[in-house]
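Since the model is a prediction, treat every value here as computed from it, not as a measurement. A note on names: the letters A, B, ... follow the listed sequences, proteins ahead of strands, and every chain is numbered from 1. All heavy atoms count here, side chains included; hydrogens, waters and symmetry mates do not.
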Amino acid sequence: MTVDARAQLCLVSFNEAWGSAWQPAPPARFRIAEAKSSFWGLAEGALGARMTRVATTHASASAEPTRRDFLFIATGAAGAVGLAATIWPFVSQMAPDAATIAAGAPVDFDLSHVAEGQIVKLFWRGKLIFVRHRTADEIKSAQNTDVASLRDPEADAARVKPGKDQWLVVYGNCTHLGCVPLGNEGAFHGWQCPCHGSVFDTSGRIRQGPAPINLPVPPYAFTSDKAIRIG
Amino acid sequence: MSGHSTYVPKSAVGKWFESRLPIMGLIHSSFVVFPNPRNLNYFWTFGGILAFMLVAQIITGVVLAMHYTAHADMAFNSVELIMRDVNYGWMLRYLHANGASMFFIAVYVHIFRGLYYGSYKAPREILWILGVIIFLLMMATAFMGYVLPWGQMSFWGATVITNLFSAIPGVGEVIVSYLWGGYSVSNPTLNRFFSLHYLLPFMIAGVVALHIWALHVPGSNNPTGIEKKTDKDVLPFHPYFTVKDAFALSCFLMVYVWFAFYIPNFLGHADNYIEANAAVTPSHIVPEWYFLPFYAILRAIPDKLLGVLAMFGSIAIMVVVPWLDSSKIRSGNYRPVFQIFFWLFAINAVILGWLGSKPPEGWYVIASRISTVYYFAYYILVLPLLGLFETPKSMPASIADSVLGKGGSGSAMASGAASSPSTKG
């Protein structure tokens, strides 16, 4: 197979692939000769050669595609796919690794040692969790709040397990920027964040300050009357 | 960087080398014969001071990295071992930690000098934007460096700053866990911060090279804001500005080492000598002093997303300053009304910094809001409108005229000495 024949074959398949968006290919010999002269001419740096190149580019843009156009698009497409495939591992490696995920196994916690009014901190998946043994007053104030008036409306009943009103289990990082709020502080005697002043009530709901949402409730279940499993 | 070099190597080796790599000619044209405006004041020495500080931070930092262990269980102890066991480890660490503060003092003087004398105006817009990029890289580098000792302030600073990205709607939480490499700030976070803290200074060095390149196209601005026109307006970089820069640097270094040797923890926080504890946030957490104005803007706005946007916006807005300022007059020296707004802006920035160090309650919050409004109003209202209404003072015809006292803001210099300084010893 000669060079010209190969070029023509190449162009034929190229034109098939792109359909009518491209003009049918006229004689390939002329264009290839032109492309060669401009390529080598450019290396010589002669002004005339540069002008040939401009003419070639112009011709290919307005009229029929050349083999170089095909190579340009094919290489560009392969390069774009290759670049994406290369970037992905570099992004993906930033995610929590297998060991960190494996360390997220459920943790059991015995509630019998938590006195009424006490807040206990524990960790699950590296995240801080508050377990609060609420007093009758704290439960009452949480339940008597007008839900519609809250920034993140949520009834207290939706944040505790049925029949376990005295146990509040919530994530211990402020939903603003992640500081640990101080227990029994603030206007609602729930928590107050020392960093930016967010105030939470005894149900862990946001009441004042910049935090956008309530302290989330982690997935947990009672395994017995006095024990929970988080995760 | 300033056109064709006039450098002629004297030795045969020099000629041989120069014909193969003309780097000595580049240095000669950029830092020896480069024509600077003759009227540069000491505010123009901070570029050189900053270049020195970057090198000082890289040298002390590379050496500290030889003794530091980037692991959540060992980092805090390894820093204490640097302080106690490594020969002169205390000195290297205090120079590095205080060096960061000095770096920011110098960059703030440098930025305010640019704002006052209109150094951001055409044809220096790209130069200015490159400076904003350097400032951003500096902030990222300083933040990650402060995390490395893994004290309480390190840990909670890292938590708060990375959580800023959780404000992005939808994907925020995923982005934050990708930044952490876990579900909270933890060992993977410390490791990647160490890697990036080592990398970013070299990126800064790269952008600094572009910054100097862009500077050497039009050359330095000057207190009059008038471009250099004739040879009478300029003096060669060496010896006139090398000695001026060196003198200013010496004074600056005295302050720097005074901090490092006599009050090394003055700018730090005692809480950072307590090892990181994910269960307890210190009762009063604040960032390093150089972030306080931006921190105050973050806290001034009672909405998470808007607060974060305002904080990043307060830096991003500097990129468009060249196009916000409508005044044709470059230097603030000839803009009487601008001077009032400018100094209010400068004082306001200091007040914002002070407010950022205060707890987010009571009248501090209200004051932060007023200051935040003025911060943005200066860029969005004052700079665009002032140029339309203000009547500038009369200006000298040239830099030389301003120095020789022919109109404009004259000079007390003896005209003989000033007119031909290159003939004096």
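Among Lys121(A), His196(A), Lys127(A), the residue with the largest count of heavy-atom pairs under 4.5 Å with chain B is His196(A).
Heavy atoms closer than 4.5 Å to chain A are found in the side chain of Leu298(B), but not in its backbone. Heavy-atom distances place both the backbone and the side chain of Thr159(B) under 4.5 Å from chain A. Interface residue Pro282(B): only backbone heavy atoms are found under 4.5 Å from chain A. Neither the backbone nor the side chain of Ser198(A) comes within less than 4.5 Å of any heavy atom of chain B.
Enclosure of atom CE in Met203(B) is not indicated, since only 12 or fewer non-hydrogen atoms of other residues, nucleotides or ligands lie within 6.0 angstrom. Phe72(A) CZ: 12 or fewer foreign heavy atoms inside a 6.0 Å radius.
Electrostatic pairing of Arg134(A) and Asp156(A) counts as a salt bridge here, judged by a charged N lying under 4.0 Å from a carboxylate O. Under the 4.0 Å criterion applied to side-chain N and carboxylate O atoms, Arg205(A) and Glu154(A) are not assigned as salt-bridge partners.
Residue Phe165(B) comes nearest to Phe312(B) through the heavy atom pair CZ-CZ, 4.3 Å, listed as atom of the first residue, atom of the second, then distance.
Contacts from residues 208-231 of chain A to chain B, taken as heavy-atom pairs separated by less than 4.5 Å, involve Gly209(A), Pro210(A), Pro212(A) in sequence order. For residues 170-181 of chain B, the interface with chain A (any heavy-atom pair closer than 4.5 Å) comprises Ser177(B), Tyr178(B), Leu179(B), Trp180(B), Gly181(B), sorted by residue number.
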